[in-house]
Protein chains: 2
Amino acid sequence: MSLAYAFEDLREDGRDGLAEAMRRLGVRMTFAKDEEIYAQEDPTEFVYAVVTGGVRTIRLMSDGRRQIGEFYYPGEIFGLEPGPEHRYSAEALCDCEVLVLKRSALRAFADDEKLERAVWQATRRELERAQGHLLLLGRKTACEKVASFLADMAGRRGAEAVDLPMSRQDIADYLGLTIETVSRMLTQLQSSKIVEFASCRQFRIRNQGALSRLAA
Amino acid sequence: MSLAYAFEDLREDGRDGLAEAMRRLGVRMTFAKDEEIYAQEDPTEFVYAVVTGGVRTIRLMSDGRRQIGEFYYPGEIFGLEPGPEHRYSAEALCDCEVLVLKRSALRAFADDEKLERAVWQATRRELERAQGHLLLLGRKTACEKVASFLADMAGRRGAEAVDLPMSRQDIADYLGLTIETVSRMLTQLQSSKIVEFASCRQFRIRNQGALSRLAA
DNA sequence: CGATCGGTTGAGTCATCTCAACAGAGGTGG
DNA sequence: CCACCTCTGTTGAGATGACTCAACCGATCG
């Protein structure tokens, strides 16, 4: 676990009233790697914020095919699904800490309007991401998908060296590919000197322009 | 244009405060087939409701690849994108009538809370659909995609005979396929007596169970 | 030190795409 | 009213990107 996934990130997102409230009111819980945080079909009773580690949301088909909805990093809110029941489950990418808050508590909390706005904000961000992901899944090639993924992760983490807390299987299920294809594309991007992997879970962008162009 | 796309549909959706407000306050506009209603990158200044006809939202890549975000039928709200700018453009599927309302007018309108809730509701519905579509685009086969599409359209239109106001190209760009593949899958579903096409724009479900099973 | 797990690489297959021909519906003008 | 054209959709044949299956490799762990 690198320091990059530290609690500090949460504090930096000062504009976000929801994260603020989460920090003050939420209950801190820890989850082991691959542990389920909530299940598909669970009532959408809580809101969550990542403190350390990372989280994935997952939807399963009856035959085991898996689609990952989104990855969440420290400071990010998740579990804000619209319906009364979760359609995606959430699992810990690695050992992690999460703040949990009852949705009803949000309503009861003072400074109500600001909080409502914050939930609204987070929901909008979710929608925006999902809409962007539609284009990726529907129309991009394997290479473009992987390039987009790396660019996106680098953008969200900011740092020079970017850690990937998720496995190749997770990446594949996020991009609608197989692990083998993901691996091949990563090798390809590396041999064209666009990115460089220090280990299989950490990389650095060597040619931002080329990466953005591929991400299309 | 069949009667199925009539204004009456809007009235039936009585629970929906937003549609109600749109009807009272919105400006009615007509658009010709394939005309643009708003463009990618336009500011998200208005909310829209379909009265008659149908609408598609579209995202284009620089090389012309196209992803359709959603189709909208009479009584449905669209244009509710989260950011300050549209990331999808909207076009008329066929000649159609649309109600247009300034977002700022929504805020000024009496019975404010109810309206806010309605916008909230519609946004949630958008998110739900987008999340469902992720699984379809990422993990379903061509056959499953087409079956899901037909089942979904039938479900939304309710009627026995279902009209498809969109072209094969639209369907293909919605499902992340090519027109040829869509056409082949439709032929296949028809020869297995799961659906029946009266014309290429109108069908009827002959075996609901089999269709749902395929839609997975 | 062997076993296991996650990741990479290779070879062959298959679903979907591409390219091309064709068919039918609808519109237009003579 | 017919001949023609265009546009949309269907069908066929061959190409290909991504998948499947299998071997291998290195790191981690008991």
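Note on naming: letters A, B, ... go to the chains in the order of the sequence lines (proteins, then strands), and numbering restarts at 1 for each one.
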Quick note, side-chain hydrogen bond (donor to acceptor under 3.5 Å, both in side chains) partners involving residues 129-155 of chain A, not counting sequence neighbours, are A/Glu76-A/Arg129, A/Arg139-B/Asp173, A/Lys140-A/Ser148, A/Thr141-A/Glu144, A/Glu144-B/Arg65

Between D/dC19 (P) and A/Leu175 (CG): distance, integer Å = 10 Å

Hits for salt bridge (Lys or Arg N to Asp or Glu O under 4.0 Å) against B/Glu128, two or more places apart or cross-chain, chain-then-number order -> A/Arg87

Sequence-distant partners of B/Arg204, salt bridge (Lys or Arg N to Asp or Glu O under 4.0 Å), two or more places apart = B/Glu160, B/Glu196

Residues at least two apart in sequence or cross-chain that pass side-chain hydrogen bond (donor to acceptor under 3.5 Å, both in side chains) with A/Thr181, listed by chain then number, are A/Thr178

Would you please name every residue forming a ring pair (Phe, Tyr, Trp, His ring centres under 6.0 Å) with B/Phe203, sequence neighbours left out?
-> B/Phe197

Atom CZ of A/Phe197 and atom P of C/dG6: how far apart are they, to the nearest Å?
-> 18 Å

Non-neighbouring partners of A/Tyr72 that pass ring pair (Phe, Tyr, Trp, His ring centres under 6.0 Å), sequence neighbours left out = A/Phe78

To the nearest 10°, let me know how far the axis at one end of the helix from C/dC1-D/dG30 to C/dG30-D/dC1 is tilted from the axis at the other, five pairs an end.
-> 30°

State which residues pass side-chain contact (heavy atoms from CB on, under 4.5 Å) with A/Asp34; sequence neighbours excluded, sorted by chain then number.
-> A/Arg56

Quick one: ring pair (Phe, Tyr, Trp, His ring centres under 6.0 Å) partners of A/Tyr88, sequence neighbours excluded?
-> none

Write down the distance between CZ (A/Arg65) and P (D/dT20), rounded to a whole number of angstrom.
-> 10 Å

The ring pair (Phe, Tyr, Trp, His ring centres under 6.0 Å) partners of A/Phe71 (sequence neighbours excluded) come to A/Tyr174

Output yes when a side-chain donor or acceptor of B/Thr52 lies under 3.5 Å from a complementary backbone atom of B/Cys96, and no otherwise.
-> no

Reading nucleotides 7-23 of chain C 5' to 3', which nucleotides get B (base under 4.0 Å from a protein heavy atom), which S (sugar-phosphate only), which -?
-> SBBBB----SSBB----

Whole angstrom value for the distance that separates C1' of C/dG6 from CG of A/Asp34 | 12 Å

Filtered N/O pairs between nucleotides 26-30 of chain D and protein, under 3.5 Å:
none

